[in-house]
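Heads up: the structure comes next, in structure tokens.
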Protein chains: 2
Amino acid sequence: MRARHDQTPLGFESSPGLEVETYTLIRQINSLMETHNRYDLRREDLTVPQFQILNYATPEGVPLSEISVRMLCDNSNLTGIVDRLIAKGYVERRPDPQDRRVSLICLTLSGAEKLRSIRPRHHESISQRMQKLSKHEVSQLRNLLHTLFEGLQSSDEEK
Amino acid sequence: MRARHDQTPLGFESSPGLEVETYTLIRQINSLMETHNRYDLRREDLTVPQFQILNYATPEGVPLSEISVRMLCDNSNLTGIVDRLIAKGYVERRPDPQDRRVSLICLTLSGAEKLRSIRPRHHESISQRMQKLSKHEVSQLRNLLHTLFEGLQSSDEEK
DNA sequence: GGATTATCTTTGCATAATGAACTATAACAT
DNA sequence: ATGTTATAGTTCATTATGCAAAGATAATCC
């Protein structure tokens, strides 16, 4: 009566194929999760990327480009976001005495305090949204995603 | 000796927990895949969202808000992207005779031709990037993601 | 029927993201 | 040492995205 579960996951029209369907689900889940995150962080006067940078910053300071590598984005993104975090008093820019090209992104006391107050609830919220999956299923999912991620990364490295 | 596979997937600093780690992988994979897609579509003079809208448009026309529901984004996003697709001649806006509020997004002949020439290669490219996973693993992954997606959607519906 | 309420789209503003160009500094190579 | 190449960060232009507000039209409620 039906080969699919119950409805075509939205995202592509014609005979997507299993891989495309899988990727479409990844896109859609990512989108829904981000919407939730945005909504949660809104009350904290933080955007999603702002919160992310906050998570990478340390009191001692981290080079901006190290953050951009970890966030898989371009340096030029971060300039503006860091500016807004500085305006809110959560991070500072400090020159690296070792290398005068780099500016270190330093978590302020206020930023560390903010993180402490937000992060546990935020992680809790993410976990709750995955309750439809059992612990074992989440673990299985993690392993599959991990393999996929490594495949994508290694194929990128070979130029 | 090690509870984790081999390295903490980047994305959060302190004791992420399995669910957060899994979500982080979803974000990272989505990001890498989108980068590939952007690169692929670049040669076709299309952006990722432009290509997506093209996939939802039909010759008969689809209401803009139907596309935004399927793309999980706001109506207001699409206005500009559709404008650019119109400028490229791939879609048209036509008023709906039934309901004068809606404007139908219609795929032009040129747009349909473009799609025909791009889509197979694009899908092929996506499949290839997932080669690290066996057919069975992809299927397993799809099922887990599908469950997760449905859980997220239903929890959204209950306001 | 007229008022209220809901829906569809666009507009304006703020934030974000990519890519290319540019400045400054560092590392390297002969 | 000097000239070349590489790296770190910013700036700018274009595109995208979300949210709030507004205008037009439709549906609903007495």
Side-chain angles (χ1 to χ4, degrees), chain A residues 27 30-54 61-88 91-106, chain B residues 27-28 30-54 61-88 91-105:
Chain A
R27 257 202 296 112
N30 189 65
S31 173
L32 290 182
M33 290 291 281
E34 190 159 326
T35 299
H36 278 280
N37 289 341
R38 186 171 38 248
Y39 184 81
D40 285 353
L41 291 170
R42 210 181 153 70
R43 286 172 305 177
E44 310 291 346
D45 193 36
L46 281 178
T47 66
V48 171
Q50 280 166 22
F51 176 68
Q52 242 178 306
I53 292 184
L54 224 50
V62 181
L64 185 119
S65 55
E66 187 176 323
I67 298 182
S68 71
V69 167
R70 291 162 74 86
M71 284 179 62
L72 305 177
C73 75
D74 196 87
N75 265 347
S76 58
N77 288 339
L78 301 189
T79 302
I81 307 176
V82 167
D83 286 346
R84 277 159 227 132
L85 282 174
I86 290 175
K88 295 179 182 179
V91 300
E92 288 172 2
R93 253 188 270 256
R94 274 210 292 270
D96 183 346
Q98 314 298 309
D99 183 340
R100 294 195 303 175
R101 290 171 300 180
V102 347
S103 82
L104 299 170
I105 310 302
C106 306
Chain B
R27 257 202 297 113
Q28 292 173 324
N30 188 65
S31 172
L32 290 182
M33 290 291 281
E34 190 160 327
T35 299
H36 278 279
N37 290 341
R38 184 169 41 246
Y39 184 80
D40 285 353
L41 291 170
R42 211 181 153 69
R43 285 171 306 176
E44 309 291 346
D45 193 35
L46 281 178
T47 66
V48 170
Q50 281 167 20
F51 176 68
Q52 242 178 307
I53 292 185
L54 223 51
V62 181
L64 184 117
S65 55
E66 187 177 323
I67 300 182
S68 71
V69 167
R70 292 162 74 84
M71 283 178 62
L72 304 178
C73 75
D74 196 86
N75 264 346
S76 59
N77 289 337
L78 302 188
T79 302
I81 306 175
V82 167
D83 286 346
R84 275 159 228 132
L85 282 175
I86 291 176
K88 294 178 183 180
V91 299
E92 288 171 3
R93 253 188 271 254
R94 274 209 293 270
D96 183 346
Q98 314 298 309
D99 184 340
R100 295 195 302 176
R101 290 171 301 181
V102 347
S103 83
L104 299 170
I105 310 304

Determine whether B:Ile53 and B:Val82 make a side-chain contact, defined as any pair of heavy atoms from C-beta on separated by less than 4.5 Å.
yes
When you compare the side chain of A:Arg84 with that of A:Ile81, does any pair of heavy atoms fall below 4.5 Å?
yes
Please report the distance, rounded to the nearest Å, between NE2 in B:His36 and P in C:dT18.
14 Å
Once you round it to whole Å, what is the distance between P of C:dA27 and CD of A:Gln98?
10 Å
B:Thr47 near the nucleic acid: base, sugar-phosphate alone, or nothing, with a heavy-atom cut-off under 4.0 Å?
sugar-phosphate
Taken to the nearest whole Å, CG/A:Asn75 to P/C:dG19 is 13 Å
Sorted by position of nearest nucleotide on DNA chain C, 5' first, the leading residue of B:Val102 and A:Val48 is B:Val102
No-hydrogen, no-angle side-chain donor-acceptor test under 3.5 Å, A:Ser65 and A:Asn75:
no
Heavy atoms of chain A, cut-off under 4.0 Å: which first and last nucleotide of DNA chain D, 5' to 3', fall inside that, if you could look?
D:dA6 to D:dA20
Can you confirm whether A:Leu104 sits close enough to A:Arg93 that some side-chain heavy atom of one is under 4.5 Å from a side-chain heavy atom of the other?
no
Scan A:Thr79 against the nucleic acid and name what it touches under 4.0 Å (heavy atoms): base, sugar-phosphate only, or nothing.
base
Value in whole Å for how far the C1' atom of C:dT9 lies from CG of B:Leu78
10 Å
Would you kindly compare B:Ile81 and A:Asp74 by the position of their nearest DNA chain D nucleotide and give the one closer to the 5′ end?
A:Asp74
Is there side-chain contact between B:Leu78 and B:Ile67, with at least one heavy-atom pair below 4.5 Å?
yes
Could you tell me how far apart B:Asp83 (CG) and C:dT9 (P) are, to the nearest whole angstrom?
14 Å
Side-chain N or O of B:Arg38 less than 4.0 angstrom from OP1 or OP2 on C:dA17?
no
Using every non-hydrogen atom in the two residues, find where A:Ile86 and A:Glu92 come nearest and quote the distance to one decimal.
CG1-CA, 4.4 Å
Atom CD1 of B:Ile67 to atom P of C:dC8: distance rounded to whole Å?
14 Å
Reckon A:Asn77 touches a base, only the sugar-phosphate, or nothing at all at heavy-atom distances under 4.0 Å?
base
Hey, which sits more toward the 5' end of DNA chain C by its nearest nucleotide, B:Ser103 or A:Pro97?
B:Ser103
Is the backbone of A:Asp83 close enough, under 3.5 Å, to the side chain of A:Lys88 for a donor and an acceptor to pair up by distance?
no
What is the nucleic acid contact for A:Asp99, judged by heavy atoms within less than 4.0 Å: base, sugar-phosphate only, or nothing?
sugar-phosphate
Okay, side chain of B:Thr35, backbone of B:Ser31: is any donor-acceptor separation there less than 3.5 Å?
yes
Using a 4.0 Å heavy-atom cut-off, does B:Ser76 contact any base of the nucleic acid, only the sugar-phosphate backbone, or nothing at all?
base
Whole Å only: how far is the CD1 atom of B:Ile86 from the C1' atom of C:dT9?
13 Å
Once Watson-Crick and G-U wobble pairs under 3.5 Å are found, how is DNA chain C written in dot-bracket notation, 5' to 3', with | for any base paired to another strand?
||||||||||||||||||||||||||||||
Below 4.5 Å, heavy atoms only, C-beta onward: do A:Leu46 and A:Leu85 meet side chain to side chain?
yes
Between A:Ser31 and A:Leu104, the residue closer to the 5' end of DNA chain D by nearest nucleotide is A:Leu104
Rounding to an integer number of Å, can you tell me how far B:Ile105 CD1 sits from C:dC8 C1'?
11 Å
Grab the two heavy atoms, one from A:Gly61 and one from A:Cys106, that are nearest each other, plus how far apart they are.
CA-SG, 3.6 Å
